[in-house]
Protein chains: 2
Amino acid sequence: MKDLREDRDAWSMANCSIAKALEIVGNRTAMLIMREALFGTRRFDDFARRVGIGEPAAAARLKELTAAGLLERVPYQEPGQRTRYAYQLTQKGRDFRAVIVALRQWGDTWAADEAGPPVVVRHENCGAPVHAVLRCDNGHDVQPGESFIDAGPGLIRVAADSPDSSGG
Amino acid sequence: MKDLREDRDAWSMANCSIAKALEIVGNRTAMLIMREALFGTRRFDDFARRVGIGEPAAAARLKELTAAGLLERVPYQEPGQRTRYAYQLTQKGRDFRAVIVALRQWGDTWAADEAGPPVVVRHENCGAPVHAVLRCDNGHDVQPGESFIDAGPGLIRVAADSPDSSGG
DNA sequence: CAGCTGACTTACGATTCCATAAGTCAGCAG
DNA sequence: CTGCTGACTTATGGAATCGTAAGTCAGCTG
């Protein structure tokens, strides 16, 4: 159980989960669309207006997020209106909540202006603010510095002086 | 304590913490550099090689992250070598760990290939895998759907049919 | 003081991403 | 069958970002 950080060049992040995630949501607008989706936005032009982007950008991101399975395009019909399509979170998309919460929390702490954060997420049952914390499978809270990096099943080891120990 | 999502157009995300955070780390390479920094990388060309980007991109991102206060450029000297500079995490940067953990966790669950994730973060004391969970200030675990959005001190309310209820 | 090396910077062209503006398309209302 | 509206697509041009390749700069070594 040696910490892999001690010999960082002996392994590759070619199949890094973070990099794979960022291929889907690795740009500002995709993240902000996920923020809006988690805030309850469903309709095309609401996404564009509330995120503050143009329609082509909204269409492109919504298409990518739908293709990646974070959103699904479902028909709906308001009385006296024709059938339209809404973008609804899938389980994969709902699971993304932790990322948005962590990002909002970091932004609230380190990047908010003097006025403070615009919104607070609260626990339904007790009203207390919600935040993201690190915990291990045994239920212990994990403080900064109390973790180490271990090999996962998909780890790719490389020769120590291989020209390609890189990965994205 | 009405959920703000019920009237999403009555308030603006102009000073959104998520958007502010994304102005610093809202691109793929900045996120991957933060990943590497949290994995222990300190030196310029290690960042470039391990992230898999060119030197100009590495220089630009490291400069931005340093200017934003997530990293600091500190001198170091190896025996018999001249003084060089390393990029070290600040508290602001270390706090970003939760975002990277949430992103990795989501990627492990939803975007990993058959081989599985390359690395596992484990709790130092007990060896169990670490993950990000949502918790409220009263110590309750927050399950999906058990939270609502409340006004924060920086909330900007807008007229219901204002042309600019947007924000990024 | 010349060579060497790590840490950058500059130059360049390709690609991606974006906003604005205009056009398309479907189907209910009249 | 025309008007209207929401949900897009197409066209165009500008800005950001990227990789490759080459150049610069500082300071220890010899």
Side-chain angles (χ1 to χ4, degrees), chain A residues 9 19 22-34 36-37 41-68 71-88 161 163-164 166-168, chain B residues 8-9 19 22-34 36-37 41-68 71-88 161 163-168:
Chain A
D9 278 325
L22 291 175
E23 271 159 40
I24 304 168
V25 290
N27 60 72
R28 213 182 93 93
T29 46
M31 282 278 190
L32 291 174
I33 282 179
M34 288 308 294
E36 278 307 320
T41 298
R42 292 288 117 97
R43 285 169 48 169
F44 178 83
D45 57 349
D46 285 339
F47 276 112
R49 186 170 37 81
R50 290 171 184 171
V51 173
I53 60 178
E55 291 176 349
R61 293 314 134 239
L62 287 169
K63 197 164 286 186
E64 287 167 12
L65 291 168
T66 302
L71 301 175
E72 57 186 347
R73 198 161 164 273
V74 297
Y76 73 99
Q77 192 160 19
E78 289 178 358
Q81 294 290 111
R82 53 181 276 224
T83 301
R84 305 203 184 280
Y85 292 89
Y87 295 89
Q88 206 168 74
D161 56 345
D164 180 21
S166 73
Chain B
R8 173 65 184 85
D9 278 326
L22 291 174
E23 271 160 39
I24 304 169
V25 291
N27 59 71
R28 213 182 94 91
T29 46
M31 283 278 190
L32 291 174
I33 283 180
M34 288 308 294
E36 278 307 320
T41 298
R42 292 287 118 97
R43 286 168 49 168
F44 179 84
D45 56 351
D46 285 338
F47 277 113
R49 186 170 36 82
R50 292 172 184 168
V51 172
I53 60 179
E55 291 176 349
R61 291 317 130 239
L62 287 169
K63 198 164 287 187
E64 287 168 11
L65 291 168
T66 302
L71 301 176
E72 58 187 346
R73 199 161 163 273
V74 296
Y76 74 98
Q77 191 161 18
E78 290 179 358
Q81 294 289 111
R82 54 182 274 226
T83 302
R84 304 203 185 279
Y85 291 90
Y87 295 89
Q88 207 168 72
D161 55 346
D164 180 22
S165 56
S166 72

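Basis for what follows: all heavy atoms, side chains included, without hydrogens, waters or symmetry-related copies. Naming convention: chains lettered A, B, ... in sequence-line order (proteins, then strands); numbering from 1 in each chain.
In this structure, R61(A) atom CZ and dA19(C) atom C1' are separated by 13 Å, rounded to whole Å. The distance between atom CD of E23(A) and atom P of dC18(D), rounded to the nearest whole Å, is 14 Å. Rounded to whole Å, atom P of dA19(C) lies 11 Å from atom CG of N27(A).
Separation of atoms OG1 (T66(A)) and CZ (R73(A)) is listed at 8.0 Å; rounding is to 0.5 Å. Distance check, rounded to the nearest 0.5 Å: CG of L71(A) to CZ of F47(A) gives 6.0 Å. Interatomic distance, R28(B) CZ to N27(A) CG, rounded to the nearest 0.5 Å: 11.5 Å.
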Practice problem: Would you mind building the protein contact string for nucleotides 5-16 of chain D? One character per nucleotide, 5' to 3', B for base within reach (heavy atoms under 4.0 Å), S for sugar-phosphate only, - for untouched. | Solution: -BSBBBB-----
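Every salt bridge (Lys or Arg N to Asp or Glu O under 4.0 Å) that R43(B) has, sequence neighbours left out, goes to E78(B). A search for side chain to side chain contact (heavy atoms under 4.5 Å, CB included) contacts involving A57(B) returns I53(B), not counting sequence neighbours.
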Practice problem: Go through Y87(A) and E72(A) one step at a time and tell me if the side-chain contact (heavy atoms from CB on, under 4.5 Å) criterion holds. | Solution: CA-CA 5 Å; Y87(A) 295 89; E72(A) 57 186 347; over 6 Å; no
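Considering only side-chain N and O atoms, T29(A) lies under 4.0 angstrom from the phosphate OP1 or OP2 of dC18(C).
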